[in-house]
Amino acid sequence: MKRTKICDVLTLPSNQQELIVMGWVRTFRNNQFIALNDGSTIQNLQIVVDFNRFSEELLKKIHTGTSLKIVGKLIPSQGKGQTHEIIANTVEILGECHPEQYPLQAKKHSLEFLREIAHLRMRTSTFQSVFRIRNGLAYAIHQFFQNKGFIYIHSPVITASDAEGAGEMFQVTTFNLSNVPKTNSGKVSFSDDFFGKSTYLTVSGQLEAELAAMAFSNVYTFGPTFRAENSNTPRHLAEFWMIEPEMAFYDLTDNMDLAEEMLKYLIKYTLDNYPDEIRFLEQRQIDEEKQKPQNERSTMPLIEKLQFCIQNPFERITYTKAIEILEKSTYNQKKKFQFLVKWGIDLQTEHERYLVEKEFNKPVIITDYPKEIKAFYMRQNEDGKTVKAMDILFPGIGEIVGGSQREERIELLEKRMKEMNISANDMYWYLETRRFGTVPHAGFGLGFERLVQFCTGMNNIRDVIPFPRSPKNCEF
RNA sequence: UCCUCAGUAGCUCAGCUGGUUAGAGCACAUGACUGUUAAUCAUGGGGUCGCAGGUUCGAGCCCUGCCUGAGGAGCCA
C-alpha cells in the first residue's frame, strides 16, 4: 500500500478504509490526538491514538516536529474541529525531534524570530501559505504570458553592462581578493579577470529583453536580479525576482493595459486557487492588527482588498496632474508634507501614499514623468520635458511596476545617452536595435516579491522569499 | 547610509526613582487526567540581563562605543 497525501485524504469518503499517511507532528494533544501535516495542504489531519494500545516509550517520543508514518482507518471525526480523522493501527517514528532543542512550538512565534530560523519556518502555517501562493503566482505568470504567445527569455545573470544605472552592483570576479592583479598605473587589471573585463550580477534583464523583442515581438523574462544597495526597508532585497515583459509595436497605453490585465489576472488566480491560504493569512493579519491602534490597521481585510483591486479600473493620471492634485490638496495646504511639492521633483513616498491611499484609494498609474528623473531609454515626449514612463503604485506597497515606452529613434537616444554620460561604445549592441529595423516598443518590470506581499498581506518582503538576502544577512 | 525605538529564561514580555537572592505566561521535564482543538491541573528545572568599557559604596536600570533586530526616510522593483 502506498502513502496517501493529506490533501487527498481530506477529499476521500470516510468509510473505514485503511490508509498510510506520513508527515510531521504539529501538536500532540491529550496523549491521544496528533495534528499531522505533510505540506500537501495547509490543513492538518487528525490522527487518533489509543494510548492503551501503544507503549509509553513510543508515545513519549511524539512531539511537535517529529516525523511519523501512520497506518490506520479513515473515519468521520467524532470531534468538532475537523471532518475526517484516522484511527491509528500502527505508529512508526521516522525521525525523532528533541523537544527542548526544536525551536518551533505549537503557538504563535514572531515573524522576526522565524526569520532567524528560515530553515525551519516553512513548517509553520503562515509560511506554508505564503510560499504556496508564491509558487502559484510564479506558475500563473508563465500561464498568463504563454497564453498570449509571449516567448520566455532567459536573460543573463552575469553582465558587463551597468548602463541602466538601476543601483549599485555586485562585482563578479575570480580574483584572489588578497592579491588582485594591478596594471602599471596601479589600477585593477580586469583584462586578467575571468571574462577579461569587469563584470557584475545583473540589475535588470530589460536591455536583453529588448533585443529579443526585436525578433519575437512579445517576450518576457522572469529571473533573479541583484542590487547592492544598502537599503534596509520592508520593501527591498539584495536578491529579488523580477518579471520583465517587452513588446514590439506597443505604445505606452498598450503597455499599461497589459500590466493592469496581468496584475488582475494574478490576483484573481490567487483568490481562485488558494482560498484556504488566503483565509488563513487574512485571519493572521486581523489578529496581528488587533494590537495596533485603529489608524494603523488595514482599511480592508485581505480578501476584500484583493477583490476590490480586481473589480475596479486602476486610476491613470499624468505626473503633471499628480503634482497638481498634491499641490491643491488640503494636506499640502496645511503643510503636512515633509517634502515640497513642485513640478520636477521625484515623488516621495509620502506623496505616493497620499495619492494611492487618500486621494484615489486604489491602484494608481502615473505616466509622463520629467525626463530628468527617469532612465535614458525612455521615449521622449513632444513637449521636450517629459518621457513616456509609467509607474503603478499599490496601496501599502508603493511602486510595484515601473515601465515605459522605449526611445526607438536613434538620434534622440544617442543624444540622451551623451547627456547622461552613458558610453555609446559599450552599448553598441543596444544601439544597433535602433539602427537595424527599429520599431516602437514598450515594456515594464514587476517586482515579484512585492506582488507576493500584496497578495498575502505580509508586511515585510523578507517574509515572502524563502531565504532573503539583505545587507548583513546571507544566512542559509 | 540617515533618524527613531528595542535587545532580560527556548519564545513573548514585566522589572518602579540605581539598592538584598532578577519575575510572569507559554514551552520543556515529572505526575495526574483522558474526545482533545495552542487540551487541562499540580510540581519542578532553567538567566554571563546583546558585547566592551566607564560612572558609583552598589548598575538589568545612568554614560560612551560597537553589534544585532524593528519601524520610518533615501534609492528602487
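Lettering of chains follows the sequences in order, A, B, ..., and the numbering in each one begins at 1.
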Which residues pass the ring-ring contact (aromatic ring centres under 6.0 Å, His included) test with A:Phe444, sequence neighbours left out? none
Every protein N/O lying under 3.5 Å from an N/O of nucleotides 5-9 of chain B:
none

Test salt bridge (Lys or Arg N to Asp or Glu O under 4.0 Å) applied to A:Glu419 - qualifying residues, sequence neighbours left out: A:Lys415, A:Arg416
Going by the salt bridge (charged side-chain N to carboxylate O under 4.0 Å, His left out) test, which pairs reach into residues 72-96 of chain A, not counting sequence neighbours? A:Lys61-A:Glu96
Show every salt bridge (charged side-chain N to carboxylate O under 4.0 Å, His left out) that has at least one partner inside residues 29-41 of chain A, sequence neighbours left out. A:Arg3-A:Asp38
Strictly under 4.0 angstrom, non-hydrogen atoms only: write out the protein contact profile of nucleotides 37-48 of chain B, one letter per nucleotide from the 5' end, B, S or -. BBB---------
For residues 336-355 of chain A, which residue pairs qualify under salt bridge (charged side-chain N to carboxylate O under 4.0 Å, His left out), counting only residues two or more places apart or in two chains? A:Arg353-A:Glu357
Given the rule that a pair is Watson-Crick or G-U wobble with both distances under 3.5 Å, how would you write RNA chain B in dot-bracket, using | for pairs to a different strand? (((((((..((((.....[...)))).(((((.......))))).....(((((..]....))))))))))))....
Tell me, please, which residues at least two apart from A:Asp463 pass salt bridge (Lys or Arg N to Asp or Glu O under 4.0 Å). A:Arg115, A:Arg121
Pair up each side-chain donor or acceptor in residues 467-476 of chain A with any protein partner under 3.5 Å, not counting sequence neighbours, and list the distances.
unit_1	atom_1	unit_2	atom_2	d
A:Arg469	NH1	A:Glu475	O	3.0
A:Arg469	NH2	A:Phe476	O	2.6
A:Asn473	OD1	A:Glu475	N	3.3

Kindly write out the residues that satisfy salt bridge (Lys or Arg N to Asp or Glu O under 4.0 Å) with A:Lys362, not counting sequence neighbours, or none if the list is empty. A:Glu315
A:His63-A:Phe28 aromatic ring centre distance below 6.0 Å: no
Within residues 43-56 of chain A or reaching into it, pairs that qualify as salt bridge (charged side-chain N to carboxylate O under 4.0 Å, His left out) - sequence neighbours excluded: A:Glu56-A:Lys60
